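Predicted model only: the values in this text are computed from it and were never measured.
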Amino acid sequence: MDSLDAILECDALDVDFSDKGPILERPAENPDIITFFQEFKDVALGSSLRECNIWFTELSCRWRTREASPELGGEFRLRDLYDSILLPPPQFTAETASGRDLEIFSQLRVIDFPQHAGTGHFAAIRIQDDVDPLEMWYYDMRLSTAPGHESDLIRMESSYCEYLDALVLTKGVFGWQYLFTDISLQGIVFRETVARLEKMLELFPTLFPDHDYGPLAARLEARR
């Protein structure tokens, strides 16, 4: 909430839309609706996920810089984690999809989707038995066009809770998730992504001085 308020109050940013609420009641244990389903019996939906869950039906924002050149923008759309888990997996219609991708897609539940940007990107948590912490994955329909990548899916080096922590820093800058993947951002496919991340690291320490952007700068440098 503080991070969203910082965006709304920043004079250097124009906010196209934002939504905050309503707030859900935080239960003492995982919601009964989750434990009721047999398919989640061996899935690690423990107290750590419950504690870092946003407990909003939706928390979203789309923004862009007012005067910076080139323009920098971002968007996030989060929902209550348990609502997201109960939704169907994302649709995947590529005729050339590998068996690996089809299996992973069937286990994904979208937790962050920039709906209004029309980028086709999303971040998702992977529902697997006896895996703790649950994996986070990122989908980018351009990824398979990059040299050395045959899939549009890539695993993130973060848990769900760490994803939310990173989102507080990045404010949803498009492509920030690549900073938390084992990937090289060299090449024409990622040229715009790198430019946005460089602009973020140039502007945000001034716009949001309460945060330390050194670790993100180190992550970008490691992926050049």
Residue set satisfying side chain to side chain contact (heavy atoms under 4.5 Å, CB included) with A146, at least two apart, ordered chain then number -> H149, V189, F190
Applying disulfide (SG to SG under 2.5 Å), can you list everything that pairs with C10, at least two apart in sequence or on another chain?
none
V15 side chain near C61 side chain, heavy-atom distance below 4.5 Å
yes
May I have the list of side-chain donor-acceptor pairs in residues 128-136 shorter than 3.5 Å, sequence neighbours left out?
| from | atom 1 | to | atom 2 | distance (Å) |
| --- | --- | --- | --- | --- |
| E135 | OE1 | R126 | NH1 | 3.1 |
| E135 | OE1 | W137 | NE1 | 2.8 |
| E135 | OE2 | R155 | NH1 | 3.4 |

Tell me, which pairs form a disulfide (SG to SG under 2.5 Å) where one or both residues lie in residues 190-224, sequence neighbours left out?
none
Verify the neighbour count for atom CD of E51: are there more than 12 heavy atoms of other residues, nucleotides or ligands below 6.0 Å?
yes
List the residues meeting side-chain hydrogen bond (donor to acceptor under 3.5 Å, both in side chains) with S144, not counting sequence neighbours, and say none if there are none.
D152
Are more than 12 heavy atoms, taken from residues, nucleotides or ligands other than E150, located less than 6.0 Å from that residue's CD atom?
no
Please name all residues satisfying side-chain hydrogen bond (donor to acceptor under 3.5 Å, both in side chains) with R219, sequence neighbours left out, ordered by chain then number.
none
Inter- and intrachain pairs under disulfide (SG to SG under 2.5 Å), touching residues 124-157, at least two apart:
none
Is F208 close to Y213 at the side-chain level, that is, under 4.5 Å between some pair of heavy atoms?
yes
H121 side chain reached by R142 side chain, heavy atoms, under 4.5 Å:
yes
Is there a side-chain contact between Q177 and I154 in this structure, where contact means two heavy atoms from C-beta onward sitting under 4.5 Å apart?
no
Taken in chain and number order and not counting sequence neighbours, the residues that satisfy side chain to side chain contact (heavy atoms under 4.5 Å, CB included) with R66 are D14
Whether the side chain of R109 engages the backbone of I85 through a donor-acceptor N/O pair (distance < 3.5 Å, no angle test) should be reported.
yes
Treating T57 as the side-chain partner and G21 as the backbone partner, does any N or O pair qualify as donor plus acceptor under 3.5 Å?
yes
Which residues satisfy the side chain to side chain contact (heavy atoms under 4.5 Å, CB included) test with S184, sequence neighbours excluded?
Q186
Any side-chain heavy atom of M1 within less than 4.5 Å of one from F56?
yes
Which residue pairs satisfy the disulfide (SG to SG under 2.5 Å) criterion with at least one member in residues 143-224, sequence neighbours excluded?
C52-C161
Please determine whether a side-chain nitrogen of the Lys or Arg among R100 and E103 lies less than 4.0 Å from a carboxylate oxygen of the Asp or Glu.
no
Partners of Y139 by side-chain hydrogen bond (donor to acceptor under 3.5 Å, both in side chains), sequence neighbours excluded?
none
What about the rings of W176 and Y163, do their centers lie closer together than 6.0 Å?
yes
Do the non-hydrogen side-chain atoms of F76 and L4 ever get within less than 4.5 Å of each other?
yes
Mind checking what makes side-chain hydrogen bond (donor to acceptor under 3.5 Å, both in side chains) contact with R77, not counting sequence neighbours?
E58, Q115
Of F122, Y178, F174, F113, which meets ring pair (Phe, Tyr, Trp, His ring centres under 6.0 Å) against Y138?
Y178
Any sub-3.5 Å donor-acceptor pair from S84's side-chain atoms to I111's backbone N or O?
no
